[in-house]
J.: 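One structure follows; several queries about it will come next.
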Amino acid sequence: MLLHLNTTCIDERIHEFLADDRIKIIVKHIVTMRNYISELLGLIGKDVNIYGWIQNSRIVGSLIFLEVRDVSGVTQAVLFRKSNQELFDKLKKINRESVVRISGKVVESQSKYGIEVQISEVEILNESMAPLPLGIIDPVEADLETRLENRFLDLRKPSKLAIFKIQSTISNSIRNYFIENGFIEIHTPKIVAAATEGGTELFPVQYFERKAFLSQSPQLYKEIMMSAGFDKVFEIAPAFRAEEHNTTRHLNEFTSIDIEVSFVDDEGVMRILEDVIKVSADSVRDKNKKELDLLGKEPLNTNYNFKRITYSEYIHMAKGKGFDIKDGDDLSTPILKGVGSDLREFYFITRWPRDLKPFYVQPYDEKYSRGFDLQYGELEITSGAQRVHNPEVLIENLKKKGLNPESFSFYIKAFQYGMPPHAGWAIGLERLTMVLLDLNNIREATLFPRDRTRLTP
RNA sequence: GCCCCGGUAGUGUAGUGGCCUAUCAUACGAGCCUGUCGAGCUCGUGACACGGGUUCAAAUCCCGUCCGGGGCGCCA
């Protein structure tokens, strides 16, 4: 109820409230009579209460201008010395980025905001120290290192907030898509006993008297859920990789958007993926005009059919570009860059050689598999596959990859009592954000990135 | 794990052996200014990552340490 109270007639409202003792406490401790800066344009002539940070002040003769910022925007507040000498002297000394409540009247003005708040009262809720470790509005951008060390300040910049508002749109639009299409949201354990796929390094953790690991992927569990009959599941959760990579597109902890679907093949889940990418791009275009504008980015066009390029065709294209590569080799970063530079779009690379894909990927024939990657240019966004559902094939594949089936017994068991054919994939949320916003470093799409050297903040 | 590169005021930079008691911008402090809007003007404070070495002389060259950036491999 408090949230619905509007912003006009503050005095009367407070008066009504204070008549009730129980509510008096709430009024005192919760910000009730609050106006967001973005709504001020519609409140010309009204008294308002804004809460935010003083990002700048200018003293011009006998008047002082404050630039005040909250989550919704920035505005200007003004005070004439003659109207309140004591307050004027106080505001003259206030440090940038101090948190305040400002009461006053909204009037039209020649400011770039079109309006300003004529200050009647300022309450300093918390003073900031000075100088700042990192300027919020300074024209020179600090190094990424400095910004990440002081991320709470860095994120006060509207342009950084915009990235995460957009990321919120992306993950929510995807979640909505799944829910609307009958998926069940699941939560699988992040402390696990063994590796999912061999290859990747895992972070060890001490699990009481035993050694355990942080999960690199929900792969095995989401497949088990197919055996459990959940039909269509998704999970949005962290994944941990202990690889010592040091690049602009890798993190040691990232957010994985996973799905698994029963009774479909690789093409079936590729169609879902194509939908998901389009839905998220469309949502950003519709809901984040202001943020895209602030970032100087055009919404990404996804209004085309995503190409299916087989791995073998890709090898052929790479050869055409002069790369020395043969069918069966992995696609190295230089090759993906070489071929991908002509493909500034989403496209699938399908039918990967079985040797290059994990044990749980369904064979297509003797040599190739039903595994696929979704790429944007050179960057891998997703990898997915139709999975093996036959337990004998699964055990044979495990052995071929040099893994011990016994250590996967809890997983194999789910295949021995009626596992449906199924397929799935995983998207990196940060990578998707990176592509949709054309960011040059995945750390820009992560609030508090965990990389080879960063464990705090 | 392999390879390359870098660390100069709070922030971002200039400076490749002597011209450095180290440049510029911004921030910070003091002052002036009745409408600014990247406000302006005057004055001021503030830095060569750490340790060792070479040299008559080191921010600059060498070695080590610490911290960081990037590429590759691997992957989302």
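Only heavy atoms go into these numbers, but all of them, side chains included; no hydrogens, no water, no symmetry mates.
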J.: Can you check the distance between G68(B) and G31(B), where both ends of the measurement are the P atom (answer in whole Å)?
T.: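 About 41 Å, rounded to a whole number of Å.
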
J.: Could you tell me whether the phosphate oxygens of G71(B), OP1 or OP2, come under 4.0 Å of any side-chain nitrogen or oxygen in T248(A)?
T.: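 So the side chain of T248(A) is within the cut-off, an N or O lying under 4.0 Å from OP1 or OP2 of G71(B).
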
J.: Can you tell me how far P of C2(B) sits from NE2 of H245(A), to the nearest Å?
T.: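 Value for this atom pair: 16 Å.
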
J.: Relative to each other, are the rings of W425(A) and F178(A) parallel, tilted or perpendicular (30° and 60° limits)?
T.: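 Rings of W425(A) and F178(A): tilted, as their planes differ by 30° to 60°.
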
J.: How is L429(A) classified with respect to the nucleic acid when contacts are heavy atoms under 4.0 Å: base, sugar-phosphate, or nothing?
T.: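 Touches nothing.
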
J.: Identify the stems formed by RNA chain B, where each pair is Watson-Crick or G-U wobble with both distances under 3.5 angstrom and a stem is at least 3 consecutive pairs.
T.: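 B:1-7 with B:66-72, B:10-12 with B:24-26, B:28-32 with B:40-44, B:49-53 with B:61-65 - these are the stems of 3 or more pairs that involve RNA chain B.
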
J.: Cation over ring, R81(A) on F88(A), under 6.0 Å and within 45°?
T.: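 Yes, a cation-pi geometry holds between R81(A) and F88(A).
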
J.: Just how far, in rounded Å, is P of G73(B) from CZ of R241(A)?
T.: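 Between P of G73(B) and CZ of R241(A): 17 Å.
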
J.: Please report, rounded to the nearest Å, how far the P atom of G69(B) is from the CG atom of N440(A).
T.: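 Whole-Å distance recorded here is 13 Å.
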
J.: Could you run down nucleotides 34-45 of chain B 5' to 3' and tag each one B, S or - for protein heavy-atom contact under 4.0 Å?
T.: BBBBBB------

J.: Of A426(A) and T247(A), whose nearest nucleotide on RNA chain B comes first from the 5' end?
T.: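 With A426(A) and T247(A) compared, the 5'-side residue is T247(A).
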
J.: In Å, rounded to the nearest 0.5 Å, how long is the span from CD of E396(A) to NZ of K401(A)?
T.: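 Output value for this atom pair is 12.0 Å.
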
J.: Let's test your reading of the model: under 3.5 Å, does the base of C67(B) pair with the side chain of R454(A) as donor and acceptor?
T.: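 No, the side chain and the base share no sub-3.5 Å donor-acceptor pair.
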
J.: Return the value, rounded to whole Å, for the distance between atom CG of L455(A) and atom P of G68(B).
T.: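 So the CG-P distance, L455(A) to G68(B), works out to 11 Å.
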
J.: Just how far is it from atom CD of E345(A) to atom NZ of K307(A), taken to the nearest 0.5 Å?
T.: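 Output value for this atom pair is 4.0 Å.
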
J.: Quote, to the nearest angstrom, the P distance that separates G70(B) from G15(B).
T.: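 Each nucleotide's P atom is 23 Å from the other's.
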
J.: Expressed in whole Å, how much space separates the P atoms belonging to G6(B) and C61(B)?
T.: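 It works out to 9 Å between them.
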
J.: With a 3.5 Å cut-off and just heavy-atom distances, do the side chain of H250(A) and the base of C74(B) make a donor-acceptor pair?
T.: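 Yes.
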
J.: Please report the distance, rounded to the nearest Å, between CD1 in I335(A) and P in G71(B).
T.: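 The answer, rounded to whole Å, is 18 Å.
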
J.: Aromatic ring centroids of F408(A) and F410(A) under 6.0 Å?
T.: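 For F408(A) and F410(A), the ring centres are not under 6.0 Å apart.
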
J.: What is the distance from CD of E244(A) to C1' of G70(B), rounded to the nearest Å?
T.: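 So the two atoms are 16 Å apart, to the nearest Å.
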
J.: Without decimals, in angstroms, what is the distance between K92(A) NZ and C32(B) C1'?
T.: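 So the two atoms are 11 Å apart, to the nearest Å.
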
J.: Given F348(A), which of E267(A), Q375(A), M270(A) fulfils the side chain to side chain contact (heavy atoms under 4.5 Å, CB included) condition?
T.: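 For F348(A), the side chain to side chain contact (heavy atoms under 4.5 Å, CB included) test succeeds with only one of E267(A), Q375(A), M270(A), which is M270(A).
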
J.: Applying side chain to side chain contact (heavy atoms under 4.5 Å, CB included) between H250(A) and each of E243(A), R431(A), E244(A), R443(A), report the one that passes.
T.: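 Single pass found, and it is R431(A).
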
J.: Establish, with yes or no, whether the OP1 or OP2 oxygen of A76(B) is under 4.0 angstrom from a side-chain nitrogen or oxygen of T382(A).
T.: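 T382(A) to A76(B) OP1/OP2: no side-chain N or O under 4.0 Å.
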
J.: Pair N49(A), S103(A) - check side-chain hydrogen bond (donor to acceptor under 3.5 Å, both in side chains), show working.
T.: CA-CA 5 Å; N49(A) 238 331; S103(A) 303; 2.9 Å; yes

J.: To the nearest 0.5 Å, tell me how far N252(A) CG sits from R452(A) CZ.
T.: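 Rounded to the nearest 0.5 Å, the CG-CZ separation comes to 8.0 Å.
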
J.: Rounded to whole angstrom units, what separation is found between the CD atom of Q216(A) and the P atom of A76(B)?
T.: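 Distance, rounded to whole Å: 9 Å.
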
J.: Can you tell me if K337(A) touches the phosphate of G71(B), counting only side-chain N or O atoms and a distance under 4.0 Å to OP1 or OP2?
T.: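 Looking at the OP1 and OP2 atoms of G71(B), neither is under 4.0 Å from any side-chain N or O of K337(A).
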
J.: Under the side chain to side chain contact (heavy atoms under 4.5 Å, CB included) rule, what do I349(A) and T310(A) come out as? Steps first, then yes or no, please.
T.: CA-CA 5 Å; I349(A) 303 177; T310(A) 66; over 6 Å; no

J.: Give me the distances for all protein-to-nucleotides 10-13 of chain B N/O pairs that come in under 3.5 Å?
T.:
from, atom 1, to, atom 2, distance (Å)
G10(B), O2', L132(A), O, 3.0
G10(B), O2', P133(A), O, 3.4
G12(B), OP1, D143(A), N, 3.0
G12(B), OP1, T146(A), OG1, 2.7

J.: Would you indicate, yes or no, if G69(B) has its OP1 or OP2 atom less than 4.0 angstrom from a side-chain nitrogen or oxygen of N441(A)?
T.: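 False: N441(A) side-chain N/O out of range (4.0 Å or more) of G69(B) OP1/OP2.
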
J.: Assess the pair F240(A) and F203(A): is the distance between their ring centroids shorter than 6.0 Å?
T.: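 No, the ring centres sit 6.0 Å or more apart.
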
J.: In whole angstrom, give me the gap between the C1' atoms of A59(B) and C43(B).
T.: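 Their C1' atoms lie roughly 28 Å apart.
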
J.: Is the phosphate of G73(B) approached by T333(A) (side-chain N or O, under 4.0 Å from OP1 or OP2)?
T.: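 Yes, T333(A) has a side-chain N/O under 4.0 Å of OP1/OP2 on G73(B).
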
